Undergrad: 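After the structure tokens below, expect a handful of questions from me.
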Protein chains: 2
Amino acid sequence: MIKLNSKFVLTKQINDAKIKTLYQTKVNAILKTIKTKKALGLNFTGWIDYPNKVTKTQLQKIVSATNKIKNKKIKYLVVIGIGGSYLGLKACLDMTNAYKNSNLSVIFIHNIHQNYLLEMLRKVKNDKYGIVVISKSGRTLEPALAFDMFYQNLVQKFGKKTADKLIIAVTSQHAGDLRETAIKNKWQTFFIPDNIGGRYSALTPVGLITMAFCGLDLNKLFSGAKDATKKLKNASLLQNDAYRYACYRHYFFKTKKMDIENIVVYDPYLQSITKTMQQLFAESEGKQGQGLYPASCLFTTDLHSLGQYLQQGKKCFFETSLFVKKTHADCQLKIKDPVIKYLNKFKLSKVNEIAFLSTIKAHTYDGKINNLIIEIDKQDAYHFGYLYTWLMYTAMMSAYLLKVNPFDQPGVEAYKKRMNDVLKK
Amino acid sequence: MIKLNSKFVLTKQINDAKIKTLYQTKVNAILKTIKTKKALGLNFTGWIDYPNKVTKTQLQKIVSATNKIKNKKIKYLVVIGIGGSYLGLKACLDMTNAYKNSNLSVIFIHNIHQNYLLEMLRKVKNDKYGIVVISKSGRTLEPALAFDMFYQNLVQKFGKKTADKLIIAVTSQHAGDLRETAIKNKWQTFFIPDNIGGRYSALTPVGLITMAFCGLDLNKLFSGAKDATKKLKNASLLQNDAYRYACYRHYFFKTKKMDIENIVVYDPYLQSITKTMQQLFAESEGKQGQGLYPASCLFTTDLHSLGQYLQQGKKCFFETSLFVKKTHADCQLKIKDPVIKYLNKFKLSKVNEIAFLSTIKAHTYDGKINNLIIEIDKQDAYHFGYLYTWLMYTAMMSAYLLKVNPFDQPGVEAYKKRMNDVLKK
């Protein structure tokens, strides 16, 4: 289960009951526009029904496709995609520690800077690897360029016939260059539903292929997604934590004039979730001169870099902390250093829980920072499916509260257009 | 050389000449308070003279100390430190790609979350490794706890006598628990000057030890630092790019009421520089309700997550992009995919340069974002020494312009105090 804890919001300003008073009518009106097909961007809400529509046969087909490549004894899996084509997927693998289930080293290629791309190629070039290339349009420059390099290297080493059997393409069903190339070369190919946009697509083949490579339990993933979908049908803001979170976000932005949501995690392996939240929120809300800047921090690490500012600097932000109750790893402390031997009464998880609560209290009571906590029971496939679904509902409602389309991203074209004009000249 | 290019600042609002008009008198007055010993925090300005004071003998001693451990055929170097004890150092190694000079795998431990710390320990526990532990006070919980675990593992495997020869401690010369423990166990120990604070200390033994482990040319590093120091003695805002950068930052914060500086890099290996800038700026400025939130982005990657917001969302930020002219790696493109074969007239670096310029133009002209560019000629030891020094001068001047002490961080104690109260109860 995922819960929004607002105990550390500065109560004089706002609390759950006040949020209900201020926002329930607005939220109901928005839900009505969705029901009556009058809301913006409804042709991109395929993600809402997807978990209930996906069949065991479809999932089995995905697992079989990945097994075919795994059987060829690959050392690396190179996953090529940018934005929604890798962020949610990476968040899932990091949170669930899915890498542990397989002997596969997964390498994400999301940047084409020469220092990085050539180093990644150097790293894998003497070994056998599989490639998952993900591009809905098939036209985005970054994955197209990166894929060409990694594919050519496979062809040179193993010949075209073998190389073609090491590729899975994930792309649009009906059009695009990647789709055509994939068909021509007989690559295993999976399709992204037309009615699901990039940042809402991690639970489609976009994410599922690589999750299957890592042996993640896809049934549990969808079990979590379905439970969240069911739970979030409840429109009441006291019951629907995802929508309530959206209302808090809107309140801090509009009423309290805050510019930043500082998204905090305490586990380095949860940082990719903050990146997913950045995309979901920034791309859904950030238009028509509106939207919070979703910044992200790793504590306690960044308490020793950004901490001073957060504690005593300009209060133009609120904080949202993700906290996992039951983590993968733990140990009883057996410290020998006499200076910190007093810690031996604790498990390591307890020390970190105390660090978390102390920081929340220092920020709230000493620093006058509004703090929301997203409480996550466990970090398995079920909870990722639940959390990601929950965050998509938050992103959608956040955008609708700002009266913008949650599902488009017209601003991303600006740099692409200028770049392509120069490159193609 | 490092230069501040303000060509993409929206000129109607501000430009270099106007900055000089608005700020030269203020900057001169601040420099006078430094000279006359009236400025805040001057007992922590040891970093200003350090590059000119450090001797060849001192550097040779550092190199010898690391060689003694390298000769024991270690596989990993575990560097334990938080905040200023690792950020500048990591930025240096990443920017210069110093790892390449050695066969050593460097692991930074800056977080004690159970999932992370136990995984890092598992990774190295069957091999021989050296440890550099860096803690000025020796009292910070995170490095103390992490060090105890890694040290105990060495002792268990190799016995105390061998383990003690694999440690280098970097700490305060005159007091502290780490200093005492180090002396007792006869670890090789180096000292952090009392008059240099954490975030200003990467060019002291804090950073130098690990840089020497990686074979970085320390003389070139200091040559860059010394050249920057010399150049930045010039108080004229048209000549002193570091101070001019501080003035632009202050102008956007105070006059334009912006809350965020969005720091951008295009090379994944430069991300740790943005983290260093976050610490330098946030800890130096973020007090008394003031300061910019220094956020960081990796482009073109994050153009597909935060890009929509930056292009069309709320304009509460300005951007500072770091651009390296001559990068480590490059290649002529030899693409086979007919769809993007038109790129073959370019080197990969040229494609990325075009992506950079197109983004700057899209943000400035289409998005009405003020853009500063920090131009860096090369990414070697000389240029890191120059850049880091340059950034320290910017941080100092930025804080003085806000009339706060650039060298303290009283707010960092808030979470520590609450945490220690609970842990020691």
Side-chain angles (χ1 to χ4, degrees), chain A residues 82-83 110-111 113-116 118 144 148 177 259-260 266-269 278-279 282-283 286-287 289-291 293 295 301 303-309 311-314 316 327-330 335 337 339-340 342 348-349 352 354-355 358-359 361-362 366 409 411-412 414-415 418-419 422 424, chain B residues 82-83 110-111 113-116 118 144 148 177 259-260 266-269 278-279 282-283 286-287 289-291 293 295 301 303-309 311-314 316 327-330 335 337 339-340 342 348-349 352 354-355 358-359 361-362 366 409 411-412 414-415 418-419 422 424:
Chain A
I82 197 164
H110 50 72
N111 188 289
H113 191 279
Q114 55 273 16
N115 286 344
Y116 171 79
L118 297 174
D148 191 82
D177 295 322
D259 285 337
I260 303 165
Y266 286 74
D267 173 358
Y269 297 111
Q278 286 186 314
Q279 190 198 16
E283 276 195 351
K287 36 201 91 160
Q290 297 195 87
Y293 186 116
T301 298
L303 289 170
H304 296 256
S305 62
L306 288 159
Q308 168 62 37
Y309 165 88
Q311 191 72 42
Q312 301 186 328
K314 186 168 179 189
C316 53
T327 56
H328 297 309
D330 203 0
I335 285 164
D337 178 356
V339 181
I340 52 167
Y342 63 87
L348 182 50
S349 63
N352 280 298
I354 291 167
S358 304
T359 304
K361 286 176 184 171
D366 309 334
Q409 53 285 328
V412 181
Y415 99 90
R418 284 180 181 269
M419 180 173 73
V422 180
K424 288 182 179 167
Chain B
I82 196 165
H110 50 73
N111 188 290
H113 191 279
Q114 55 272 19
N115 286 345
Y116 171 79
L118 297 174
D148 192 82
D177 296 322
D259 285 337
I260 304 165
Y266 286 75
D267 173 357
Y269 297 110
Q278 285 186 316
Q279 189 197 17
E283 275 195 351
K287 37 201 90 157
Q290 297 194 88
Y293 186 116
T301 298
L303 288 171
H304 296 256
S305 62
L306 288 160
Q308 168 62 37
Y309 165 89
Q311 191 73 43
Q312 300 186 328
K314 188 169 175 187
C316 53
T327 57
H328 297 310
D330 203 0
I335 285 164
D337 178 357
V339 181
I340 52 167
Y342 64 87
L348 182 51
S349 62
N352 280 297
I354 290 168
S358 304
T359 304
K361 286 178 186 172
D366 309 333
Q409 53 284 329
V412 181
Y415 99 92
R418 285 179 179 270
M419 180 173 73
V422 180
K424 287 181 178 166

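The model shown is predicted, which means the values in this text are computed figures rather than measured ones. Below, each value reflects all heavy atoms present in this structure, side chains not excepted, and no hydrogens, waters or symmetry copies.
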Undergrad: So what's closer than 4.5 Å to chain A heavy atoms on B/Q409: side chain, backbone, both or neither?
TA: both
Undergrad: Flag the one option from A/V422, A/V412, A/L348 with the top tally of heavy-atom pairs under 4.5 Å to chain B.
TA: A/L348
Undergrad: With a 4.5 Å cut-off on heavy-atom pairs, point out which of B/S349, B/G83, B/G411 contacts chain A the most.
TA: B/G411
Undergrad: Can you say whether B/L118 sits under 4.5 Å from chain A via the side chain, the backbone, both, or neither, judging by heavy atoms?
TA: side chain
Undergrad: Under a 4.5 Å cutoff for heavy-atom pairs, which residue among A/D330, A/I335, A/T359 has the most contacts with chain B?
TA: A/I335
Undergrad: Rounded to the nearest 0.5 Å, what separation is found between the OG1 atom of A/T327 and the CG atom of A/N352?
TA: 8.5 Å
Undergrad: Chain A heavy atoms under 4.5 Å from B/D267: which part of the residue, side chain, backbone, both or neither?
TA: both
Undergrad: Checking heavy atoms, do the side chain of A/V339, its backbone, both or neither come under 4.5 Å from chain B?
TA: side chain
Undergrad: How about B/Y415 and A/D366: do any of their side-chain heavy atoms sit closer than 4.5 Å?
TA: no
Undergrad: Quick check on the interface: out of B/H113, B/H328, B/K361, B/Q279, who has the most heavy-atom pairs with chain A under 4.5 Å?
TA: B/H113
Undergrad: For the backbone of A/Q308 and the side chain of B/E283, can you confirm whether one donor and one acceptor N or O come within less than 3.5 Å of each other?
TA: no
Undergrad: Can you tell me which of A/S305, A/G307, A/A362, A/A414 forms the most heavy-atom pairs within a distance under 4.5 Å of chain B?
TA: A/S305
Undergrad: Please state whether the side chain, the backbone, both or neither of A/Y116 comes within less than 4.5 Å of a heavy atom of chain B.
TA: both
Undergrad: Should B/Y293 and A/L306 count as side-chain neighbours, where that means a heavy-atom distance under 4.5 Å?
TA: yes
Undergrad: In terms of heavy-atom proximity below 4.5 Å to chain B, should A/Q278 be classed as side chain, backbone, both, or neither?
TA: both
Undergrad: Please classify the contact between A/Q311 and chain B as side chain, backbone, both or neither, with a heavy-atom cut-off of under 4.5 Å.
TA: side chain
Undergrad: Ignoring hydrogens and geometry, is there a side-chain-to-backbone donor-acceptor pair from B/D337 to A/D148 under 3.5 Å?
TA: no
Undergrad: If you count heavy-atom pairs under 4.5 Å between each of A/Q312, A/K287, A/H110 and chain B, which one has the most?
TA: A/Q312
Undergrad: Please flag which part of A/N115 lies under 4.5 Å from any non-hydrogen atom of chain B: side chain, backbone, both or neither.
TA: both
Undergrad: Quick one: what part of A/I260 sits under 4.5 Å from any heavy atom of chain B, side chain, backbone, both or neither?
TA: side chain
Undergrad: Atom CG of A/D259 and atom CG of B/D259: how far apart are they, to the nearest 0.5 Å?
TA: 4.5 Å
Undergrad: Please name the pair of heavy atoms, one in B/Y309 and one in B/K314, separated by the smallest distance, quoted to 0.1 Å.
TA: OH-O, 3.5 Å
Undergrad: Checking A/I340 against chain B: side chain, backbone, both or neither under 4.5 Å from a heavy atom?
TA: side chain
